[in-house]
Protein chains: 2
Amino acid sequence: MTAAEGPADWRARKKAATRKTIQEQAIRLFLEKGFDATTVEEIAAAAGVSHMTFFRHFRTKEEVAAGDDYDPMIGELVASRPAAEPVVEKIRQAFGGGLAQVYAADREALLARYRLILETPALRARLWENQNQTQRHVVEALTKAAGGPPDDLRLEVVVGACLTAAATAIRVWAENPEGTELPELIDRAFAVLREEFTPGG
Amino acid sequence: MTAAEGPADWRARKKAATRKTIQEQAIRLFLEKGFDATTVEEIAAAAGVSHMTFFRHFRTKEEVAAGDDYDPMIGELVASRPAAEPVVEKIRQAFGGGLAQVYAADREALLARYRLILETPALRARLWENQNQTQRHVVEALTKAAGGPPDDLRLEVVVGACLTAAATAIRVWAENPEGTELPELIDRAFAVLREEFTPGG
DNA sequence: TCCATAAGGTTAGTGACTAACATGTTAGTC
DNA sequence: GACTAACATGTTAGTCACTAACCTTATGGA
């Protein structure tokens, strides 16, 4: 209770704390016993709340493990790149840069989370839904950054290919984290796009 | 009961007939009332079976609407292309060719099914899972077709980009079927890949 | 003091999906 | 022609994700 506190500020903090506790307990249990073998009831109990509170914070059991917290950020990063830069390069820089930070700060957590997702069908499905949503955000950001809406199909295909490349790099990394490091893999994945789709081919 | 009938042949036929009935009734109800508003119990009743029979034929409610019947075929089509052909061209030809047939025979059904899938979150997620599975099949087929396992990341990225391009074309088509026809869109999507990822930028 | 608000709890559902067990029908065997 | 194994299907009784309606509690302001 120092001084500068908004009206209902501590409420928000408490709510965020509850949310964080739920998420931590959920991830812990998922890693310990597997996603399917963990019930929402257990997660709620471990977090000291009722199962309704769980669902007030997360719409589904999948969302707590594979929710997408970074999505709006990616859109901004892409939009804030120099206008003259080619689309592929914008995405590559935005994505690579954003991920490098998470990677440096939290490599082990990122790895554990992705392995969990990749080995759980329900979470994999959810991850793709996220990727598609990211794609929509990026396409929207790029459309706004350019003048009029240029070529919908073109933009969607390019962004889709880039995100697929990035997702592939992450997948390959998670499957063999002892091998090449993630940033390097992302570089390589984008290099493949450039090399493979040349007319001289 | 003519003559040439395998031992347990008519069993298989009856089973296939039941499966087909369930699927037809399911799709009909999904299109009439929406996916979420249709219960498995209703589908089973409409098909004249119990809900257990439904689950013996389809593992989940999603599978009956967004199951992937063509997956093994794609693998074979890709593998049977001339070895010298670039990977992108193999996939483009295999995919384009296979889809053109379905398209010519069943355009309306294809459209209805895709619209249903695209407007239902649960089915969209399932569709992505399918695409990933197709990707695995194609990568496997190509790895086998080549000699040793060349570059895993390279192949995964290329195949992923191609399938994403095809999926984007289908999506754009389903969202606006009055516009450009699907085969044309697929051509364009692949053209975008070629044009956009050239080193010259 | 009293009331509005917002986080959380309780309870009673619905519906997808599973496991265990029962039934009828057909294919081969004696 | 009865006998049995195999198999598609049915019945029943669950578990668990998720929802809706309603109640409780605690804070912050009037």
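This is a predicted model, so every value here is computed, not measured. In what follows, chains are A, B, ... by sequence order, proteins preceding strands, each numbered from 1.
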#### Entry: B:Thr39 side-chain N/O to C:dT14 phosphate OP1/OP2 under 4.0 Å
no
### Query
Does C:dT29 have a Watson-Crick or wobble mate here (both distances under 3.5 Å), and if so which one?
D:dA2
### Message
Tell me whether A:Arg81 is salt-bridged to A:Glu89, with the criterion being a basic N under 4.0 Å from an acidic carboxylate O.
### Response
no
#### Entry: Stepwise side chain to side chain donor-acceptor pair (under 3.5 Å) test for B:Arg28 and B:Gln25
CA-CA 5 Å; B:Arg28 182 178 64 77; B:Gln25 294 301 316; 2.7 Å; yes
### 5'-most by nearest nucleotide on DNA chain C - B:Phe54 or B:Lys14
B:Phe54
### Task
Could you tell me the separation between the CZ atom of B:Phe55 and the C1' atom of C:dA16, rounded to a whole number of Å?
5 Å
### Query
Would you say B:Asp71's side chain and B:His137's backbone share a donor-acceptor pair under 3.5 angstrom?
no
### Query
Given atom CD of B:Glu62 and atom C1' of C:dG15, what is their separation to the nearest angstrom?
13 Å
### Query
For B:Met52 and C:dC17, what is the distance between atoms CE and C1' respectively, to the nearest whole Å?
9 Å
## Note on the structure
Here the distance between atom P of D:dT19 and atom CZ of A:Arg56, to the nearest Å, is 12 Å
#### Entry: Rounded distance in Å - NE2 (A:His51) to P (C:dG13)
14 Å
#### Entry: Between C:dG15 (P) and B:Asp36 (CG): distance, integer Å
11 Å
### Message
Counting only side-chain nitrogens and oxygens, does B:Ser50 get under 4.0 Å of the OP1 or OP2 atom of D:dT11?
### Response
no
### Query
Going by an N to O cut-off under 4.0 Å, is there a salt bridge joining A:Arg115 and A:Glu119?
no
### Task
Nearest whole angstrom, please: distance from the P of C:dA16 to the CD1 of B:Ile22.
14 Å
### Message
What is the separation between atom NZ on A:Lys61 and atom C1' on D:dT15, rounded to the nearest whole Å?
### Response
11 Å
### Task
For C:dG8, take OP1 and OP2 only and decide whether either is under 4.0 Å from a side-chain N or O of A:Thr53.
no
#### Entry: Side-chain donor or acceptor of A:Gln135 paired with backbone N/O of A:Glu156 under 3.5 Å
yes
### Message
The side chain of B:Val40 is closest to which nucleotide in this list: D:dA8, D:dC18, C:dA16?
### Response
C:dA16
